[in-house]
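The figures that follow rest on heavy atoms only: side chains count, while hydrogens, waters and symmetry mates do not. Fair warning: this is a prediction, and the values are worked out from it, not measured in the lab.
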Amino acid sequence: MTFELNGLPTRTKKNRSSGITLAIDKGYSIRQTEDFLETSEPYTDIVKLGWGTSYVSTNLENKLAAYRNAGIPVYMGGTLFEICLLRNQLDDYLRYLDHHDIGFIEVSDGTIRLSQKRKLDLIADLCKNFTVLSEVGSKNPENILAPYQWVDMIKSELDAGAWKVICEARESGTVGMFLPNGEVRSELIEEITHHIPSNDLLFEAPQKDQQIWFLKKFGANANLANIAPNEVITLETLRLGLRGDTLFDFYIPQNGVGQPIK
């Protein structure tokens, strides 16, 4: 038996440019990948193979085939891009992506030192053949960018051809947009989104409280990244107000019927 709940927020449909859920695969086996897709494929828009995990995965081709058959684009974590750039092996990396039919690429400098001009040149060149996700913010908690620097970098990277700009938080959610305790740097987010539409951004938000903050701030169709595969359905329930944390935030009474119980 199925039924339709009234008053739920309207979710964008796949393939979507807002309301994106980007999951991070940190080394799933084929069986884990298949189980993940069985439950969460409708709610997953993109999968990132975290940092350099794709390089050491023994099941990579089969895993990529599973994601491809599910219609979910995959890309390699930005750290692998940085590792190849550091070793002057960008061409090898691009051939590697071409061999695996990867259409997305992340351009980041969260660990290595890369001039902004060089980064913009790379984005402009790579967007001719890839959908580019660039990333702003450092993985080093001691390297704190001023809000105006975030804004300037994000604007210039979008202008250079990035499809979306990822706001750094790592898989831990304790750097970049967040304090070491995971608390959101709310004034930073306010400044960024005052100048840049939130739909142009992907907010890394691996922790539940962080996800709730962004959903309450930007609505059910906020773009969220670095979501653990086993948390994708949990996030979707938060988006729809099907969990107590956001129940009243996304509850829309229908013609005065179904008012909150007091």
Side-chain angles (χ1 to χ4, degrees), residues 11-57 59-60 62-81 97 100-106 108 110 131-135 163-174 176-178 182 199 201-215 218 220-240 242-243:
R11 280 286 278 127
T12 51
K13 305 295 183 183
K14 295 173 71 171
N15 296 309
R16 50 190 153 217
S17 60
S18 64
I20 291 169
T21 294
L22 191 159
I24 179 170
D25 176 334
K26 297 188 280 188
Y28 263 17
S29 68
I30 290 297
R31 184 170 298 137
Q32 287 174 306
T33 301
E34 291 171 344
D35 288 345
F36 164 54
L37 292 171
E38 180 183 348
T39 60
S40 305
E41 175 273 323
Y43 316 112
T44 307
D45 298 284
I46 309 171
V47 168
K48 171 172 70 174
L49 304 186
W51 49 99
T53 57
S54 63
Y55 187 78
V56 297
S57 293
N59 58 355
L60 182 61
N62 290 336
K63 180 192 287 193
L64 291 175
Y67 284 127
R68 190 175 298 114
N69 290 338
I72 298 175
V74 174
Y75 74 97
M76 314 307 184
T79 300
L80 186 57
F81 167 84
L97 298 184
H100 290 295
D101 196 26
I102 303 294
F104 281 65
I105 188 169
E106 182 179 329
S108 68
T131 299
V132 174
L133 294 165
S134 68
E135 185 174 65
W163 174 58
K164 305 282 186 189
V165 174
I166 300 168
C167 295
E168 173 73 74
R170 301 198 75 171
E171 77 283 359
S172 61
T174 55
M177 295 180 295
F178 303 104
N199 280 347
L201 306 169
L202 270 164
F203 300 106
E204 291 188 339
Q207 299 180 27
K208 187 188 79 166
D209 287 348
Q210 297 167 350
Q211 296 160 17
I212 292 168
W213 190 93
F214 283 107
L215 292 173
F218 299 113
N221 291 303
N223 295 325
L224 299 178
N226 275 11
I227 308 302
N230 65 337
E231 294 293 332
V232 166
I233 287 182
T234 298
L235 172 58
E236 192 65 23
T237 62
L238 289 171
R239 290 185 185 277
L240 293 173
L242 299 178
R243 188 168 181 171

Legend entry - Pairs involving residues 36-51, ordered by first then second residue, that meet salt bridge (charged side-chain N to carboxylate O under 4.0 Å, His left out) (sequence neighbours left out): Lys14-Glu41, Arg16-Asp45, Lys48-Glu204

Legend entry - Atom pair CE/OG of Met76 and Ser54 - distance to nearest 0.5 Å: 4.0 Å

Legend entry - Set of residues satisfying side-chain hydrogen bond (donor to acceptor under 3.5 Å, both in side chains) with respect to Thr237, sequence neighbours excluded: none

Legend entry - Leu224 side chain near Leu215 side chain, heavy-atom distance below 4.5 Å: yes

Inset, instruction - Would you check if the side chain of Arg11 reaches a backbone N or O of Gly19 as a donor-acceptor pair within less than 3.5 Å? - result: yes

Legend entry - Asn15 CG: over 12 foreign heavy atoms closer than 6.0 Å: no

Legend entry - Close side-chain approach of Leu37 to Ile72, heavy-atom, < 4.5 Å: yes

Legend entry - Side chain Lys26, main chain Trp51, donor-acceptor under 3.5 Å: no

Legend entry - Counterpart residues, ring-ring contact (aromatic ring centres under 6.0 Å, His included), relative to Phe36 (two or more places apart): none

Legend entry - Short side-chain to backbone donor-acceptor contact, Glu34 and Ala66, under 3.5 Å: no

Inset, instruction - Let me see the working for Leu64 and Leu49 under side chain to side chain contact (heavy atoms under 4.5 Å, CB included), right down to the final yes or no. - result: CA-CA 10 Å; Leu64 291 175; Leu49 304 186; 4.2 Å; yes

Legend entry - Minimum side-chain heavy-atom gap Phe104-Val74 below 4.5 Å: no

Legend entry - Set of residues satisfying side-chain hydrogen bond (donor to acceptor under 3.5 Å, both in side chains) with respect to Ser17, sequence neighbours excluded: none

Inset, instruction - Would you check if the side chain of Asn226 reaches a backbone N or O of Pro206 as a donor-acceptor pair within less than 3.5 Å? - result: no

Legend entry - Backbone of Leu60 reached by a side-chain donor or acceptor of Ser57 within 3.5 Å: no

Legend entry - Residues forming a ring-ring contact (aromatic ring centres under 6.0 Å, His included) with Phe81, sequence neighbours excluded: none

Legend entry - Thr12 side chain vs Ser18 backbone, donor-acceptor pair below 3.5 Å: yes

Inset, instruction - Side-chain contact test, heavy atoms from C-beta onward, threshold under 4.5 Å: evaluate it for Leu201 versus Asn223 and give yes or no. - result: no

Legend entry - Leu22 vs Tyr75 side-chain heavy atoms within contact, under 4.5 Å: yes

Legend entry - Closest contact, heavy atoms only, Ala222 versus Phe218: CB-CB, 4.0 Å

Inset, instruction - With sequence neighbours excluded, tell me which residues meet ring-ring contact (aromatic ring centres under 6.0 Å, His included) with Tyr67. - result: none

Inset, instruction - Keeping the roles fixed (side chain from Gln211, backbone from Ala205), state whether a donor-acceptor pair exists under 3.5 Å. - result: yes

Inset, instruction - Determine yes or no for a side-chain-to-main-chain donor-acceptor pair under 3.5 angstrom, with Gln207 supplying the side chain and Ser172 the backbone. - result: yes

Inset, instruction - Test Leu202 against every option in Val165, Leu133, Thr21 by the side-chain contact (heavy atoms from CB on, under 4.5 Å) rule and name the one that passes. - result: Leu133

